[in-house]
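What you see below is based on every heavy atom in this structure, not just the backbone, and it leaves out hydrogens, waters and symmetry mates.
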Amino acid sequence: MSSEKIVPDMEVIGADGVHVGTVDAVVDGRIKLAKRDSGEGAHKNHNHFIDLGLVAEVEGQKIRLSANAAVAVTFEEEQSGRPV
């Protein structure tokens, strides 16, 4: 997937159309999600990342992933590359 079409503030959705996050940036082959989408507890107020390999297509201002949202979030990574 080429990252050229992916820009900040685009919505990231699962294959099922469910919201996963909002693009903050593309960094080193991964989508950096906005902090506001990072969850609760230890995950609150920091960015999570999704590999560009999960992107199925860009549809206007939405990025559709190849996995349903519930599955896609299990692939989220910390900045270090470790699983969330």
Give the cluster check for [X] versus [Y]: same hydrophobic cluster or not, with ILVMFWY residues linked at side-chain heavy-atom distances below 4.5 Å.
{"X": "Phe49", "Y": "Ile6", "answer": "no"}
{"X": "Val27", "Y": "Leu52", "answer": "no"}
{"X": "Ile50", "Y": "Ile63", "answer": "yes"}

- [ ] Tell me, with the steps shown, if His48 and Val73 meet side chain to side chain contact (heavy atoms under 4.5 Å, CB included).
- [x] CA-CA 10 Å; His48 287 167; Val73 297; over 6 Å; no
- [ ] Rounded to the nearest 0.5 Å, what's the gap from NZ on Lys35 to CG on Asp24? Could you check?
- [x]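 Separation between the atoms: 8.0 Å.
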Task: Approximate separation, where rounding is to 0.5 Å, of Glu76 CD and Ile31 CD1 - done: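 Atom-to-atom, Glu76:CD and Ile31:CD1 are 10.5 Å apart.
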TODO: For residues 65-75, pull every pair meeting side-chain hydrogen bond (donor to acceptor under 3.5 Å, both in side chains), keeping only residues two or more places apart or in separate chains.
DONE: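 Residue pairs with at least one partner in residues 65-75: there are none.
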List the atom pairs, with distances to 0.1 Å, where a side-chain N or O of residues 8-19 and a protein N or O form a donor-acceptor pair under 3.5 Å, not counting sequence neighbours.
residue: Glu11; atom: OE2; partner: His19; partner atom: ND1; Å: 2.8
residue: Asp16; atom: OD1; partner: Val18; partner atom: N; Å: 3.3
residue: Asp16; atom: OD1; partner: Ala69; partner atom: N; Å: 3.2
residue: His19; atom: NE2; partner: Asp37; partner atom: OD1; Å: 3.3

TODO: Can you sort out the partners of Gln79 under side-chain hydrogen bond (donor to acceptor under 3.5 Å, both in side chains), two or more places apart, ordered by chain and number?
DONE: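 Scan of Gln79 (side-chain hydrogen bond (donor to acceptor under 3.5 Å, both in side chains), adjacent residues dropped) gives none.
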Open item on the list: Are the side chains of Val23 and Val7 in contact, using a 4.5 Å heavy-atom criterion?
Closed with: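 Counting from C-beta outward, Val7 and Val23 never come under 4.5 Å.
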TODO: Flag the pair Leu33 / Thr22 as yes when at least one side-chain heavy-atom distance between them is below 4.5 Å, and no otherwise.
DONE: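 With C-beta onward as the side chain, the pair stays apart.
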Task: For Arg30 against Glu78, the heavy-atom pair lying closest together - done: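 Here Arg30 and Glu78 meet closest at NH1-O, 3.1 Å.
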